[in-house]
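Residue numbers start from 1 in every chain, and the chains themselves are labelled A, B, ... in the order their sequence lines are given, proteins ahead of strands.
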There are 2 protein chains.
Amino acid sequence: MTTILLADDHRVVREGLRTLLAQEADLTVVGEAADGREVVALARTLRPDVVIMDIAMPELNGIEATRLIVAESPSIRIVALSMYADRRFVTQILRAGALGYVLKEAAFEELARAIRTVATGKPYLSPTVAGFVIEEFVRQVSTTASKSLEILTSRETEVLKLLAEGKRAKEIALELKIGVKTAEAHRQNLMNKLEMHSIAELTRFAIREGLTTA
Amino acid sequence: MTTILLADDHRVVREGLRTLLAQEADLTVVGEAADGREVVALARTLRPDVVIMDIAMPELNGIEATRLIVAESPSIRIVALSMYADRRFVTQILRAGALGYVLKEAAFEELARAIRTVATGKPYLSPTVAGFVIEEFVRQVSTTASKSLEILTSRETEVLKLLAEGKRAKEIALELKIGVKTAEAHRQNLMNKLEMHSIAELTRFAIREGLTTA
DNA sequence: ATGTCAATAAGTGTTTTTACTTATTATGGA
DNA sequence: TCCATAATAAGTAAAAACACTTATTGACAT
């Protein structure tokens, strides 16, 4: 059973959501808040699994409220409920610690799915929002020109990945069960082949090539 | 009507796809290729709207073939058809210019949707792959919550940027007209504040924060 | 005025990176 | 079979990174 705290400054919205959520056997609304301060206080006492958070709220907005709740109880998952698919809102509230972002124009079914997804610790974004995250990813990735991961051997690729993750030659040697000198040799060969002269450059190359993430 | 060129080195796969695509009123297969060279040549003469491209092919792999086709005819959209949800493949073929990425384990319905989506110039990624892009976006955006640029001074930020670009302490000192020891001190302070212990980690952080690009 | 903080910098010592050379073994292709 | 390449590894050496401490200066806020 997933417990839910509703936060929205419009009473009708809260009542509507409460009614809809009552239809779902595995979801229970345990409280309601009409502003940012209230939701922070209630989250502390009620300790719900999930908070449905309106972004625009008096006293304290949803972003600040999210930040406070997550700082205090990281196990409480937040689903942002917003009217706008604006990238800035998405970025800000996700950075504040929300795991979900659902548009108010979405069907209730989607909100329910979002609640169940974030309850397990996984992120959920409304398709519109997810769509532009993907578009951005594709655009970003397709505009970066590059030549070759192909000129590297599989072992070199492996070493490059670990280097980019911040590992030292010693750690890499341990992880790959090879000598420290061998790991160093691989790094040296990487640098020669790629014509790079620092770990920072190798790291950026590895990220560009998708070997690891920033 | 959307015209399609099929590229896959397995004849059964091509025949299967051709049959399935024949069911769709708005899609027509205008040609088939069994290897990379062939698909590049056929794309040139047939000028299809969309190419369905297997990644693993003889002669010339799907990534190289994609690169060549897109370089020659940017209006031809490519949907990669792959067995693997591996980040490396996704990144590489998208960078080569593909707009879609569909897993072979997907239902045919999904491939059809991908074709129609990319035909309009919009990207399409299989849910597994997309989910993973989204998770990365969320993780990336939410991990910047704890330690962010705000805790750094302006000078430290400046030094961080240069370090991430691959500069050494000596070069940074020169560029900022400060002593080498000062540049080193800034780096040390950065590491302490961010709780990081290598240039690779600092570099990734700088990229996440948008101080520099990968 | 007093205290915290940012920016500057020197000193000391350890570890790692960077840059070479050389060499052995295994594998796969011409 | 011979040759090229990948993977392994050692040796040498200079440069840089990493990790501390300490100290001076100026700015800004309580």
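Under the side chain to side chain contact (heavy atoms under 4.5 Å, CB included) test applied with B/Ile4, the options B/Val30, B/Leu46, B/Ile52 reduce to a single match, B/Ile52.
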Side chain to side chain contact (heavy atoms under 4.5 Å, CB included) between B/Leu5 and B/Val39, intermediate numbers included: CA-CA 8 Å; B/Leu5 171 58; B/Val39 69; 3.8 Å; yes
Side chain to side chain contact (heavy atoms under 4.5 Å, CB included) evaluation trace for B/Val118 with B/Tyr101: CA-CA 10 Å; B/Val118 303; B/Tyr101 195 99; over 6 Å; no
Distances under 3.5 Å between nitrogen or oxygen atoms of protein and nucleotides 13-15 of chain C:
none

Between protein and nucleic acid, restricted to nucleotides 27-30 of chain D and to nitrogen or oxygen atoms under 3.5 Å apart, what atom pairs and distances do you find?
none

Any protein N or O atoms within reach of nucleotides 4-8 of chain D? Criterion: under 3.5 Å, listing atom names and distances.
from: D/dA7; atom 1: OP1; to: A/Ser154; atom 2: OG; distance (Å): 3.2
from: D/dA7; atom 1: OP1; to: A/Arg155; atom 2: N; distance (Å): 3.3
from: D/dA7; atom 1: OP2; to: A/Thr153; atom 2: OG1; distance (Å): 2.2
from: D/dT8; atom 1: OP1; to: A/Arg155; atom 2: NE; distance (Å): 3.1
from: D/dT8; atom 1: OP1; to: A/Arg155; atom 2: NH2; distance (Å): 2.8
from: D/dT8; atom 1: OP2; to: A/Arg155; atom 2: NE; distance (Å): 3.1
from: D/dT8; atom 1: OP2; to: A/His186; atom 2: NE2; distance (Å): 2.7

Check the interface with nucleotides 28-30 of chain C: list each N/O to N/O pair with the protein under 3.5 Å, or write none.
none

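Rounded to an integer number of Å, the gap from CD of B/Gln188 to C1' of C/dA7 is 16 Å. To the nearest angstrom, C1' of C/dT16 lies 11 Å from CD1 of B/Ile199. In this structure, CG of B/Leu160 is placed 14 Å from P of D/dA17, rounded to the nearest angstrom. Rounded to a whole Å, the CG atom of A/Leu202 is 14 Å from the P atom of D/dA17. Rounding to whole angstrom units, CD of residue B/Glu201 and C1' of C/dT17 are separated by 16 Å. Distance A/Lys167 NZ to C/dT17 C1': 18 Å, rounded to the nearest Å. The distance from atom CE of A/Met196 to atom P of C/dT18 is 12 Å, rounded to the nearest whole Å.
Every residue was checked against the salt bridge (charged side-chain N to carboxylate O under 4.0 Å, His left out) condition with A/Lys170, not counting sequence neighbours, and none meets it. Residues passing the salt bridge (charged side-chain N to carboxylate O under 4.0 Å, His left out) test with B/Glu110: none are found, sequence neighbours excluded. When the side chain to side chain contact (heavy atoms under 4.5 Å, CB included) test is applied to B/Lys122, the partners found at least two apart in sequence or on another chain are A/Glu135, B/Thr117, B/Thr120. Every residue two or more places apart in sequence or in another chain that forms a side chain to side chain contact (heavy atoms under 4.5 Å, CB included) with B/Leu176 is listed here: B/Arg155, B/Glu158, B/Val159, B/Leu162, B/Ile172, B/Ile178. The salt bridge (charged side-chain N to carboxylate O under 4.0 Å, His left out) search around B/Glu15 returns B/Arg11, not counting sequence neighbours. The side chain to side chain contact (heavy atoms under 4.5 Å, CB included) search around B/Thr28 returns B/Met1, not counting sequence neighbours. For B/Asp49, the side chain to side chain donor-acceptor pair (under 3.5 Å) partners are B/Thr3, not counting sequence neighbours. A/Glu175 meets the salt bridge (charged side-chain N to carboxylate O under 4.0 Å, His left out) test with A/Lys167; sequence neighbours excluded.
Between the A/Thr66 side chain and the A/Ile93 main chain, no donor and acceptor come within less than 3.5 Å of each other.
Minimum heavy-atom separation, B/Gly166 to A/Glu201: CA-CG, 4.3 Å.
A close approach under 4.0 Å does not occur between any side-chain nitrogen or oxygen of A/His197 and OP1 or OP2 of C/dT17.
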